[in-house]
Structure formats: structure tokens, C-alpha cells
Amino acid sequence: MPKLPSIKTCLLLSTRSYYTRHRHVSQNHVFPPNESRQTATSLSSALQHHINSDTPFYGQTIHTHILKTGFVPNTNISIKLLILHLKCGCLKYARQMFDELPQRTLSAYNYMVAGCLKHGLAQESIGFVRRLVLEGERPDGYTLSMILKASNSGGDVMLPRNVGGLVHAQVLKLDVDPDDVLYTALVDSYVKSGRVGYARRVFDMMIDKDVICSTSMISGYMNQGSVGDAEEVFDKTVEKDVVVFNAMIEGYSKSVETAGKALEVYIDMQRFGFRPNASTFASVVGACSVLAGVEIGQQVQCQLMKSEFFSDVKMGSALIDMFSKCGRVEDARRVFDHMPMKNVFSWTSMIDGYGKNGRPKEALELFYRMQKSCITPNYVTFLGALSACGHAGLVTEGRQIFESMERDYSLKPRMEHYACMVDLYGRAGILDQAWELVMGMPERPNSDVWAALLSSCTLHGSVEMASIAAKELFKLNAEGRPGAYVALSNTLAAAGDWDNVSELRELMKSRGILKDTGCSWVGTEK
DNA sequence: CATCACGTGA
């Protein structure tokens, strides 16, 4: 039987292989220990070194070595090993270390929660929160901020709807300093759940409002179309950074009215000495596409080409999108062809660009070529391909693509896809197929689907189906869709059902949807 | 042991 290496050898082994690759790192923890207690101490400091210098894999090496010796790590070492495994992304080992701990402290729990979150396992992380509460621990500021993060992670995390409020209450109970990062996390949580008013209230409690929380606040305001409030917060932000500028530019770039300001801020930030980064360029190019300003867009493109982001995939997609929106598909295609690296986004932008510019053949051709290369289409790609089929009236092809979604890529069609298919059948005049699809949906159709069905009925004069679709639509959110009333009214009128038309018009008037009759001003000037 | 917070495209 081979002799097991001693701890001393382990340390030397792991550190030697480490130093051959990282000669610049100080060697102050390599001292060979003489006694067992010292062994633990020097082992601990070696592990600490790998935690601090972000070289977790070497720390893991130490673990495999000490496992061979049969050395039983103390709590201190176990926790360090746990941290190292988390840093390496080995949740399995981390969990094993965690379960073997003699006593599980709050900080150990917090590590597990954070580790799961970092690897996208929000549900798992909440599981650890549950466990710590069941074991009688009280969540501290760290735990609370991670609960917020988990709830913001978007996934299907089982949490009460108003987590933000519940955490807020706990925060107030804990009596934490308003300038703690936790307050920033709270602001961000409220912003992300769309409750900007609450976010502002928390924000106002903070005395030292730094860039980070201001940025959260700004993006919250920008997402609502309250540009003025965003500007107010932005102006009050003393120590600005690239990110705040980006948040402003991104916000401004969304609408035609403010896209010009996006360009101004872009110039401003450079004047203040901030170098634009990939996100900045993406937003600025976005602003150009909103303005349909190819000229400025091309100027930005030139600047971009000279920057270090010239080959950035994000940039390429933004440029493709801009040129497509300006109706210059050929230019978009040139960008696409010259991209050194392409990802799903690049392909999707290009497919969508062809679709939106009335070139379904090219869109589909690209869609098939993409599948032949190693890029896997996603939800948005399918949406682009399906809408291209819709524009071209390619029913059979559309159906095949729709079916391949789940079969070949295990992507469950979303509401948008169903709406797209209904639209495809509807435009082609195959209303019964559209109806069948809607009835066979696994989930309840949303307003987009009913709206697509309604407009198909309007197109082909099917009054009965139109009224069903309209009824469902009104049940959902008719207020946001004045078009629904108009479509139904047109269908009824086309069928000569004037009684219902006038009834509907009354309804529209009472709900404040019917505006004054439009009239032309042409010829009224003196 | 020393975790947690801002912008990201179709």
C-alpha cells in the first residue's frame, strides 16, 4: 500500500504546482508546519490566501490532498473549504461541506444562499433561507439583501408577491443604518417590481445617496416614462460614473422625443472625461435607430470601430438593428457578415431585420442556416421566423417551425408565439385553424392572442368569432387596447349589425375611449 | 470565515 502524504507534503504539493504558474504571488504561507495545531493554522492561512487572491482552484487542490491523509478539518477550515468550492462553482461539494459542519452558523447559511444565487439557483437559495429560519436563526442584513436578489432574479421562485414590503419591514425592525447597502438593495427591489413610489420613499431616507442607488432610482423612473424625475435624481448625483450616464442615455434612447437628448448626454459624458463602454455604444446606436438617423448612426459606428469594442457582439447586434430600423437591410447585412463572432442575438437581429423589411425569404433562409451552424435559436428567434412566415403567407412552413420549437429545442411556445400563429392562420383566412389553436392552448390565452384572433375575424368578416374574441379581450384589459373596440365595431358594421355598433359606441364613450371625431386642418387656414 | 447593491441588446 502506498504511503499517504503528510499534511506538510500536501501543502507543498499544492503550493508548488500553484507557484509554477503564479510566480508573482507572495510565498509567505508555505512554511512547513511541525505540529498538528500549527498544521491547522497554516492550512487555514493557505486556504485564506486562495480565497483572497481569487485562486479557488488551488484551494480545491489542497482539499483533495488533505482528504487523502484522513485529516479531519476543524470548523474554520471547513468553512474556508466551503467558500472555495462555492467560488469554483462546485455547489455539490459546498453543500456536502455545509451538511457536515458541526454547527451551522448564520454566516455559513449566508454563504450557501449567496453561492446558490451566484449560480442562478434562486429557488435553492431560498431553501437555505427557509432552513436557517427553521433552525431558529434570524436573517441579518446580508440574508435580507439576498432574499431581495432572489426575488428579482426573474425565475420561478416561490416567494410572496410583496417580498419587497416584507423585507422592508424586517429591515426597519433590524434598525440598520440607512446608508447600508441593504437600503440600496431595497430601492432596487422596489424599482424592479415597478413600485417606484416606494423606492423613492426608501431612497429619501438615505442620507448619503451614492451613484449606485441613484442609478437604480433613475432606471426606475426611466422605465415609467417619468423622464423629469430621472433628470432630477441625475442632476443631484454628485459623483457620477459611466453607469449613471449609461442609464440616462439608455432611458432617453427609448422614445423619439428624447432620443436626441441621449446623443447630447453621450457627448456630455465624454466632455466630463468618461470613456464610453460597450453598453454606452449599444444605447447610443439604439437612440440612432429610434431617430432613424442613419447619418449620426454611421458617425457613431465610425467612433465604435476605433474603440476597443469594435468586435463586440452586442455592438454588432445593435448596429444590425439600427440599420434594419432605418430600412437599410443591406447595410445591416454587411455588419452581420463582417462580425468576427456571431451569437444568437446577432442572428436574431438579422432575421428580424429581414422580416421587418418585408424580406421573409431571406429571413427564413438565414433561420435555417443558423440552425445548421452551431447556434441554437431561442424564443425571440422563433418569433422572428414565425412573423416572417406570417408576412409571406407561408402557412405550412410556419406550422412546421412552430412545431419544431418544442420538439427539437424543447422551447415551450409562449403567448407571443401563439399570437403570431393565430395571426398567420388568420391572415391566410384559415380561421378554423386559428380557432383550434387558441382552444388547444395549454394556458389561458392572453389579450395578445385574442387581439390577433379578433383582427383576423375583422379581416375575414366572421362576426360570431369576432364577438367571442372581443368579449374575452374586454374581460382582460380592454382599456389598454382601444383598437379592440374599433376592430369589433368595424366587424359589426361590415356585417350590418348597426344595433350592436351603436351600443358599442356608447360603451366606448362611457369608458372614455371614444375620442372626438378627427378632422383635417388642411384648407382651414386663411 | 467575511457574503450583499447600479447599466445589457432582439
Side-chain angles (χ1 to χ4, degrees), chain A residues 44-45 47-48 51-52 74-84 86-87 97 101 105-118 125 139-150 152 176 179-189 191-192 206 209-220 222-223 233 237 240-251 253 276-283 285-286 289 312-322 324-325 343-353 355-356 377-384 387 416:
Chain A
S44 167
S45 75
L47 294 173
Q48 188 57 47
I51 293 176
N52 293 341
N74 60 24
T75 313
N76 174 309
I77 289 173
S78 295
I79 291 208
K80 285 182 179 178
L81 288 170
L82 185 147
I83 296 169
L84 285 163
L86 282 178
K87 283 204 173 200
M97 294 306 301
L101 282 177
T105 56
L106 180 59
S107 68
Y109 270 112
N110 280 345
Y111 276 118
M112 290 311 288
V113 177
C116 291
L117 267 181
K118 209 163 253 167
S125 72
D140 65 356
Y142 288 114
T143 327
L144 291 177
S145 77
M146 288 182 292
I147 295 174
L148 293 178
K149 198 179 177 180
N152 289 334
V176 287
D179 288 333
D180 192 274
V181 273
L182 186 50
Y183 268 66
T184 307
L186 254 184
V187 170
D188 198 48
S189 161
V191 161
K192 290 221 168 84
M206 300 171 75
K209 301 172 176 56
D210 65 351
V211 227
I212 296 177
C213 61
S214 301
T215 309
S216 279
M217 214 47 246
I218 288 171
S219 64
M222 281 301 196
N223 287 334
V233 177
T237 311
K240 298 193 174 68
D241 66 359
V242 202
V243 186
V244 227
F245 274 105
N246 285 354
M248 286 304 280
I249 296 174
E250 170 65 20
S253 73
N277 64 20
S279 292
T280 323
F281 279 119
S283 305
V285 173
S289 70
D312 193 298
V313 222
K314 249 192 224 174
M315 294 310 32
S317 308
L319 284 170
I320 291 170
D321 188 52
M322 180 204 73
S324 310
K325 287 218 173 83
N343 66 3
V344 217
F345 280 78
S346 337
W347 287 87
T348 306
S349 304
M350 200 58 239
I351 291 169
D352 204 50
K356 291 226 163 73
N378 64 17
Y379 292 102
V380 190
T381 323
F382 273 103
L383 212 53
S387 81
E416 298 99 300

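Using a 4.0 Å heavy-atom cutoff across all strands shown, K314(A) reaches at least one base atom of the nucleic acid. Among the heavy atoms of the strands lying under 4.0 Å from N52(A) are primed sugar atoms or P, OP1, OP2 only; no base atom is included.
Scanning atom types as modelled, no donor and acceptor separated by under 3.5 angstrom connect the side chain of D180(A) and the base of dA5(B). Side-chain to base pairing of S317(A) with dG9(B): no donor and acceptor N or O lie closer than 3.5 Å to each other. With hydrogens and angles ignored, a donor-acceptor pair under 3.5 angstrom links the side chain of N277(A) to the base of dG7(B).
One side chain, S44(A) or N76(A), offers a donor N or O that lies under 3.5 Å from an acceptor on the other.
Nearest to the side-chain atoms of S219(A) among the listed nucleotides dA5(B), dG7(B), dT3(B) stands dG7(B). Which of dT3(B), dA5(B), dC6(B) sits closest to the side chain of S216(A) comes down to dC6(B). Counting only heavy atoms from C-beta on, T215(A) has its side chain closest to dG7(B) among dA10(B), dG7(B), dG9(B). With dT3(B), dA5(B), dC4(B) as the choices, the nucleotide that has an atom nearest any side-chain atom of K149(A) turns out to be dA5(B). For I212(A), taking side-chain heavy atoms from C-beta onward, the closest of the listed nucleotides dC1(B), dT3(B), dA5(B) is dA5(B). The side chain of N378(A) lies closest to dA10(B), out of dA10(B), dG7(B), dG9(B). Comparing dC4(B), dA10(B), dC1(B) against the side chain of I79(A) picks out dC1(B) as the nearest. Nearest nucleotide to the K118(A) side chain, out of dC4(B), dG9(B), dA5(B): dC4(B). You'll find that the side chain of D188(A) is closest to dG7(B), out of dA10(B), dT3(B), dG7(B). In the set dC1(B), dA5(B), dC4(B), dA5(B) carries the atom at the smallest distance from any side-chain atom of D210(A).
Atom CD1 of I249(A) is separated from atom C1' of dT8(B) by 13 Å (rounded to the nearest Å). Distance, L182(A) CG to dC6(B) P: 13 Å, rounded to whole Å. Here the P atom of nucleotide dT8(B) and the CG atom of D312(A) are 15 Å apart, to the nearest Å. Going from atom CG of L117(A) over to atom P of dT3(B) covers 15 Å, rounded to whole Å. The distance from atom CG of L319(A) to atom C1' of dG9(B) is 11 Å, rounded to the nearest whole Å. When rounded to the nearest whole Å, the span between CD1 of I351(A) and P of dA10(B) equals 15 Å. Whole-Å rounding puts the L186(A) CG to dC6(B) P distance at 13 Å.
The main-chain N or O of F345(A) is found under 3.5 Å from a side-chain atom of S349(A) such that the two form a donor-acceptor pair. Side chain of D210(A) to main chain of C213(A): a donor-acceptor pair is present (N/O by atom type, distance under 3.5 Å, no hydrogens or angles). No side-chain donor-acceptor contact under 3.5 Å links D352(A) to the backbone of T348(A). Using a distance-only test at 3.5 Å, with no hydrogens or angles considered, no donor-acceptor pair links the side chain of N110(A) to the main chain of V113(A).
Counted within 6.0 Å of NZ on K240(A), heavy atoms from surrounding residues, nucleotides or ligands total more than 12; the atom is thus considered enclosed.
When the side-chain nitrogen and oxygen atoms of K87(A) are compared with OP1 and OP2 of dT3(B), none of them lie within a distance under 4.0 Å. Here K192(A) reaches the OP1 or OP2 of dC6(B): one of its side-chain N or O atoms lies under 4.0 Å away.
An aromatic stacking contact links Y142(A) with the base of dT3(B), defined here by ring centres under 5.5 Å apart and ring planes under 30° from parallel.
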